[in-house]
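Worksheet: one structure, shown below.
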Amino acid sequence: MIVLLFDIDGTLLLTGGAGLASLRGAMRDEFGVSDPFQVELSGRTDRGIAAELFARHAIENCEPNWQRFRDAYLRQLALELPLRQGSVLPGVLSLLGTLSARPDVALGLLTGNVRRGAALKLEHYRLHSYFAFGGYGDDHSHRDLVAASALYAARQHLNSPHRDVWVIGDTPLDIRCARAIGARSLAVATGSHPQDELQACEPDLLLPTLESADDFLHRIHTIP
Ligand SMILES: [Mg+2]
């Protein structure tokens, strides 16, 4: 089996700002932080983002506060997703359709989103049914550890041993976490990182969008 681990934001879809608005809503509702802060989201985990916001606002980074934050964020996200003009990114539906028809390919997630947040986004954009397992941002601040848990989930899910693993993502951190678990990386420049920045991180393959995935399909077809 070939295991393909997909990032969500900037790779499969864009939420039109629902994610940031929901983080702000959670900080406002639970912790009284009313300023419309900016925070780097790309390639990071929800747990890591929360830790940074807690540090910035002198909030203790403890389990109860994390759970308050997560629950408020998820309530906001369910409200925000239908209000925003997000989209499934070009080529995604066609590629997932092609890949899901292949008996030698297993599709999973490798995302910094918490598990329920990933489900809300994928359900809203009708992509949820393609993915049977994944690694999520509930427990780990560091993406490399999410990658390890995605690989573990893949092994639990598959009955047969895998012969190749690819991580598909839109940020330098996706490329790095692929390397951390001995996987290949497909970088796609549909998020906030341009092609030259991604190329500098030396992914195994780089595409402008997933519309031009013929090279990728050829690669996963021909690797022994
Ligand atoms: Mg991303």
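Note that ligands are numbered from 1 as they come in the structure, with each ligand's atoms numbered from 1 the same way.
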Would Thr11 and Asp170 count as a side chain to side chain donor-acceptor pair (under 3.5 Å) if you check the C-alpha gap in whole Å, the side-chain angles of each, and the deciding distance to 0.1 Å?
CA-CA 6 Å; Thr11 300; Asp170 67 303; 3.2 Å; yes
Take a 6.0 Å sphere around CD of Glu123 and say whether it holds more than 12 heavy atoms from other residues, nucleotides or ligands.
yes
Checking Ala153 now: which residues fulfil side-chain contact (heavy atoms from CB on, under 4.5 Å) with it, not counting sequence neighbours?
Phe133
Around the Mg ion (ligand 1), list the protein N/O/S atoms within a radius below 2.8 Å, excluding water molecules.
Asp7 OD2, Asp9 O, Asp170 OD1
Side chains of Leu173 and Arg176 in contact at under 4.5 Å (non-hydrogen atoms):
yes
Between Arg143 and Asp174 (salt bridge meaning N to carboxylate O under 4.0 Å), is one present in this structure?
yes
Hey, which of Asn113, Thr111, Val114 is the one that makes side chain to side chain contact (heavy atoms under 4.5 Å, CB included) with Tyr136?
Thr111
